[in-house]
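Here the structure is laid out as structure tokens; the discussion comes afterwards.
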Amino acid sequence: MSVMPAVSGTTGVPGVSGASAGLPSAPGVSPGTSGAPGEAGDIPAPLAARARLFPALAAVYRAQLSRARVARIPLLFVATFQSIGIMILMRGVVDGGSGARSVVAGSSVLVVAFVALNLLAQYFGQLRASGGLDHYATLPVPPSAVVLGAAAAYASFTVPGTIVTAVMGSVLFQLPMTHLWILLAVIPLSGAALAGLGAVLGLLAPRQELATLCGQLGMSAALLLGVLPADRMPQVVSYARDLLPSTYGVEALARTFDGQPDWWVVCADLGVCAGVAVVSLAAATWAYRRAAVR
């Protein structure tokens with residue numbers, strides 16, 4: 001009777017390998033794997049590359065825009081009607097001149113303050129309280145993309161209401177509408193500055209209720225310091241007005257209601273507003289990193 005030669009690494013029993021039976025494996029082949037040494041199964045998969053800023057920013061913006069569309073549109077109507085109602089009330093106090101320009105410009109930017117400052121402070125306060133920041137922290141996106149995407153999405157909701165308020169105010173106070181195209185610069189710059197401030201308030205507030213309170217106080221400051229004519233304020237209050245980020249957007253819009261606006265001063269106001277926007281968004285990014293690691 002002939003004897004079959006034993007094969008290294010096999011047992012002769014179908015379905016049972018030599019490794020599972022306690023026999024030594026073939027040289028260069030690890031137990032439980034098959035194929036040539038150095039195949040992809042033996043090498044750990046590399047981690048995915050970190051998302052770049054602009055693609056991540058676009059993704060966060062689209063997600064925030066679609067998520068907040070249903071919930072924020074009714075509040076946008078409230079902000080618009082609130083600003084129009086304030087202008088109607090001020091119509092009995094202010095007849096024209098610089099006071100009328102301040103009322104219309106301040107009421108228009110107030111729509112931006114209501115959404116970008118007040119609602120964004122509430123959103124980030126709720127996100128921190130519910131642990132939603134942990135979700136964003138696990139995503140391979142830069143912190144600045146999260147802050148900028150949310151700020152841009154909330155600021156986008158202010159565009160229709162701000163335009164409607166500016167047009168209604170111009171008709172109500174008989175102001176020229178020739179230069180209302182300046183809103184294309186006022187809305188994003190004021191929105192970015194106020195959104196950054198709102199994000200800072202929401203992320204640094206220790207409790208969600210305090211974030212809501214800070215957002216309401218910020219909007220009230222934009223109402224009182226932005227809508228009321230500056231020449232009728234006490235000197236001490238005017239200093240506080242200069243510290244409000246939206247003030248420079250209000251001043252830029254108010255100057256364009258003149259017959260011949262001083263465009264150098266308008267550009268200077270917009271430049272200050274842009275600088276404040278950069279600082280406030282950088283502070284919001286820092287506040288996001290601080291809140292995410294806690």
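- Of all non-hydrogen atoms in Ser170 and Phe257, the two that sit nearest each other are OG-CE2, 3.6 Å.
- A pairwise comparison of heavy atoms in Met87 and Thr165 identifies CE-O, 3.4 Å as the closest pair.
- A distance of 10.0 Å separates CG of Leu120 from CG of Leu127, quoted to the nearest 0.5 Å.
- When side chains are defined from C-beta on, Ser83 does not count as touching Ser108, because their heavy atoms never get closer than 4.5 Å.
- Under the 4.5 Å side-chain criterion, counting only non-hydrogen atoms from C-beta, Leu270 is in contact with Val186.
- Leu223 is linked by a side chain to side chain contact (heavy atoms under 4.5 Å, CB included) to Ile86, Leu110, Val227, counting only residues two or more places apart in sequence or in another chain.
- Tyr248 and Leu281 fall into different hydrophobic clusters, where Ile, Leu, Val, Met, Phe, Trp and Tyr residues are linked whenever their side-chain heavy atoms come under 4.5 Å apart, directly or through other members.
- Hydrophobic cluster membership differs between Val111 and Leu184, with clusters built from Ile, Leu, Val, Met, Phe, Trp and Tyr side chains linked at under 4.5 angstrom.
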side-chain contact (heavy atoms from CB on, under 4.5 Å) assessment of Trp286 paired with Leu204: CA-CA 10 Å; Trp286 169 83; Leu204 295 184; 4.1 Å; yes
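- Asp242 meets the salt bridge (charged side-chain N to carboxylate O under 4.0 Å, His left out) test with no other residue; sequence neighbours excluded.
- Between the side chain of Ser280 and the backbone N or O of Ala277, at least one donor-acceptor pair lies under 3.5 Å.
- How far CD1 of Ile88 is from CZ of Phe81: 10.5 Å, rounded to the nearest 0.5 Å.
- Between the CG atom of Asn118 and the CD atom of Gln122 there is a distance of 4.5 Å, given to the nearest 0.5 Å.
- Contacts of Arg207 classified as salt bridge (charged side-chain N to carboxylate O under 4.0 Å, His left out), with partners at least two apart in sequence or in another chain: Glu209.
- For the pair Val265/Glu251, no side-chain contact is recorded, criterion being any heavy-atom separation below 4.5 Å from C-beta on.
- With Arg91 contributing its side chain and Leu172 its backbone, the two residues share a donor-acceptor pair below 3.5 Å.
- Here Leu89 pairs with nothing under the side chain to side chain contact (heavy atoms under 4.5 Å, CB included) rule; sequence neighbours left out.
- Closest non-hydrogen pair, Val276 versus Ala193, comes out as CG1-CB, 4.2 Å.
- Using a 4.5 Å cut-off on side-chain heavy atoms (C-beta onward), Met168 and Thr80 make no contact.
- A pairwise comparison of heavy atoms in Phe114 and Gln82 identifies CD1-NE2, 4.1 Å as the closest pair.
- Using a 4.5 Å heavy-atom cutoff, the side chains of Arg290 and Leu203 are not in contact.
- Taking CG of Leu183 as the start and OG1 of Thr256 as the end, the distance is 7.5 Å to the nearest 0.5 Å.
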Apply the test side-chain contact (heavy atoms from CB on, under 4.5 Å) to residues Leu119 and Tyr123: give CA-CA distance (whole Å), side-chain angles for both, the deciding distance (0.1 Å), then the verdict. CA-CA 6 Å; Leu119 296 185; Tyr123 169 73; over 6 Å; no
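- For Trp263, the ring-ring contact (aromatic ring centres under 6.0 Å, His included) partners are His179, Trp181, not counting sequence neighbours.
- Considering every non-hydrogen atom in both Leu201 and Ala121, the closest pair reads CB-CB, 4.3 Å.
- Under the side chain to side chain contact (heavy atoms under 4.5 Å, CB included) criterion, Gln208 pairs with Gln126, Ala129, not counting sequence neighbours.
- Closest heavy-atom contact between Leu253 and Ala105: CD2-CA, 3.7 Å.
- Tracing side-chain contacts under 4.5 Å through hydrophobic residues (I, L, V, M, F, W, Y), one reaches Ile163 starting from Leu189; they form part of the same cluster.
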